[in-house]
There are 2 protein chains.
Amino acid sequence: MSKIFVFGHKNPDTDTICSAIAYAKLKRLKNFDAQAVRLGEINPETEFALKKFGVEIPEEMHIFEGKDVILVDHTEIKQSADDILKANIIEIIDHHNLGDIYTRHPVFVRIEPIGSTSTIIFKMFRESNLDIDNKTAGLLLSGILSDTVILRSVTCTDEDRKIAKKLADQLNLDLEKYGFELKKAKSDILSKTDRELIKSDLKIFNRINMGIGQVEIVEDIDEKRKKTLLEEMKKIRKEIGCDTLLLMLTNIIKQDTELLVVGKTDLVEKAFKTKVENNRVYLKGVMSRKKQVKPAIEDAALL
Amino acid sequence: MSKIFVFGHKNPDTDTICSAIAYAKLKRLKNFDAQAVRLGEINPETEFALKKFGVEIPEEMHIFEGKDVILVDHTEIKQSADDILKANIIEIIDHHNLGDIYTRHPVFVRIEPIGSTSTIIFKMFRESNLDIDNKTAGLLLSGILSDTVILRSVTCTDEDRKIAKKLADQLNLDLEKYGFELKKAKSDILSKTDRELIKSDLKIFNRINMGIGQVEIVEDIDEKRKKTLLEEMKKIRKEIGCDTLLLMLTNIIKQDTELLVVGKTDLVEKAFKTKVENNRVYLKGVMSRKKQVKPAIEDAALL
């Protein structure tokens, strides 16, 4: 039996890393030779979570041609390994829209419109009647709390809330307290350079030819920093060759987003029925790229 | 709540029609307003199955723009409704490779590498703790037996066999006997014109720019008929604008396939390591388009 590599998207976030590690564990419990790997640097939030539960950072890996792989937390070609279409994809577990990845052979796919991939992995442990050890419970809880912005995102369902509570109970953790520790670790990202900040959680969408990054903040970013961010975004947009590059500055306390926009603005203006002024759009109540920003733009492009 | 339309692929076969009807029923039991529809004429096998269990033929429908839809038994754009990308796809249930259909919004997807979509629908009834009435049991059994060639295809798994047996027991039916009645009804298709025969189960695959049709037979087709089929295939290939058009003449007793080939032959020759002679290739032990013919050609195109 050949080894199976389990990995999430490029610019990995906590849900991508934690769900990959937890799912590789589940596969090993079912006697498969499975290993979690990652496609890039982990962010400070993920590092905090792994350290908290004593879990090692997965190996970085980039060549998958001819290898058996399981994808978690993404189905877009541009977000996956560069040679993903030459790999043998045997399973896909995700919670986004269905993207442009395809397979040559029949495959196992499970995508659910819920708060995190970690939530689905929890359900798969339960459906297989397998116990969840404390390390794995910590990873899954971190994935859920990170992706649902401590259960506050519009993507968060009752199922995510129930499962997060179960996991927190198992670990004797205060859910809110741990969630804010996680997010505080993530906002450390502001100490990075503009380039690192923009690229840290950047996803590229082929069909709308757009890159959309996101930074979660607990207090507003000053004007001077926004200006240098915009200058850097212009360079990065040209490098990746997209029509438009967006950066969501999402304030998780105020629960809103300021969108920085460089490149073409027509789809953004159509999607949000507003003008882009000074390279910015203010979006009240918007926190989710997956459910609020990207689908609105795709609808604008199509309809 | 708006109505949800459930449908399978163009040139519908028994699994596509029966799984759509059964899944619409399951959704109604969960209080959704769901209706099964079809994208084209049903074949004699499906007609036989529906009549046997007293189920009406679903309505034909082609315009889905802006409507909520659930896709069963396919994920390829060319096999779906012409305006599928303008519909709101809320769920996908399938048992093929993952194709090129994508969604703008988060979605529920369940794809398993097993013998039929009907098998997955059976599992979803069970997981929801819902009883399966005899009409639905008859539909699901027909879908499984049809798509697995009476449990003989390489795509058939132990799960398909177990579930088919359970359904046959519920219905007090002899599984083999009913299976051969079904397949006999299907081979009535030979009474159709060449054009109807070729198009009755034709699937088009964008990425390899190829159409692959299949006819299940219980005795060999005579040479004269093969020649007229080949002439008609040449016309149809030009009409649909594919590089290659294949017709699998699959003998379900001998469990082999004669492949009729028109258009470019290079990928077929590479895939099966043989020459196309007289527009034909003999494939011993091959019965499955999904698992044996199409993946071999995709691998040849890519690797």
Side-chain angles (χ1 to χ4, degrees), chain A residues 65-66 71 75-77 83-117 120 123 127 147 153-155 157 205-208 271 288-303, chain B residues 65-66 71 75-77 83-117 120 123 127 147 153-155 157 205-208 271 288-303:
Chain A
E65 182 169 347
L71 307 186
T75 59
E76 301 277 351
I77 293 170
D83 64 355
I84 189 61
L85 295 177
K86 299 199 166 185
N88 181 33
I89 302 171
I90 57 173
E91 295 187 32
I92 300 175
I93 323 280
D94 191 19
H95 71 126
H96 295 84
N97 68 298
L98 178 60
D100 54 3
I101 284 179
Y102 57 85
T103 70
R104 299 187 299 285
H105 301 261
V107 63
F108 176 90
V109 181
R110 179 165 177 170
I111 306 177
E112 297 187 32
I114 56 179
S116 77
T117 300
I120 306 174
K123 289 165 71 176
E127 287 160 10
D147 247 38
S153 168
V154 291
T155 61
T157 66
F205 299 95
N206 262 336
R207 283 188 303 281
I208 47 176
S288 171
R289 169 170 51 197
K290 160 182 2 27
K291 203 156 175 175
Q292 294 172 306
V293 173
K294 187 234 156 203
I297 293 168
E298 279 225 69
D299 286 351
L302 183 80
L303 304 176
Chain B
E65 181 170 347
L71 307 185
T75 57
E76 300 277 352
I77 293 170
D83 64 355
I84 189 60
L85 296 178
K86 298 198 167 185
N88 181 33
I89 302 171
I90 56 173
E91 295 187 31
I92 301 175
I93 323 280
D94 191 19
H95 71 126
H96 296 83
N97 68 300
L98 178 60
D100 55 3
I101 285 178
Y102 57 85
T103 70
R104 299 188 299 286
H105 301 261
V107 63
F108 176 91
V109 181
R110 180 165 177 170
I111 305 178
E112 297 186 31
I114 56 179
S116 77
T117 300
I120 307 174
K123 290 165 69 177
E127 288 161 9
D147 247 39
S153 168
V154 291
T155 60
T157 66
F205 299 95
N206 262 335
R207 281 188 304 280
I208 47 178
S288 170
R289 168 170 51 195
K290 162 184 354 33
K291 202 156 175 174
Q292 295 171 306
V293 174
K294 186 233 154 203
I297 294 169
E298 280 224 69
D299 286 352
L302 183 78
L303 303 175

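Below, read A as the first sequence line, B as the second, and so on, with proteins coming before strands; counting in each chain starts at 1.
- Residues satisfying the side chain to side chain donor-acceptor pair (under 3.5 Å) criterion with A/Lys86, sequence neighbours excluded, are absent altogether.
- Atom CZ of A/Phe108 sits about 7.0 Å away from atom CZ of B/Arg110, to the nearest 0.5 Å.
- In terms of heavy-atom pairs under 4.5 Å with chain B, the best-connected choice from A/Ile114, A/Ile89, A/Leu98 is A/Leu98.
- Contact annotation for B/Asp94: neither backbone nor side-chain heavy atoms come within less than 4.5 Å of a heavy atom of chain A.
- Both the backbone and the side chain of A/His105 have a heavy atom closer than 4.5 Å to some heavy atom of chain B.
- When heavy atoms are compared at a cutoff of 4.5 Å, B/Leu85 approaches chain A solely by way of its backbone atoms N, CA, C and O.
- The two residues B/Tyr102 and A/Gly99 make their nearest non-hydrogen contact at CB-O, 3.6 Å.
- Counting heavy-atom pairs under 4.5 Å between each of B/Ile101, B/Val109, B/Asp299, B/Ile208 and chain A puts B/Val109 at the top.
- Looking at every heavy atom in both residues, A/His95 comes nearest to B/Pro106 through O-CB, 4.3 Å.
- Between the side chain of B/Thr103 and the main chain of A/Asn97, no donor-acceptor pair closer than 3.5 Å is present.
- Shortest non-hydrogen contact noted between B/Lys294 and A/Arg104 is NZ-O, 3.5 Å.
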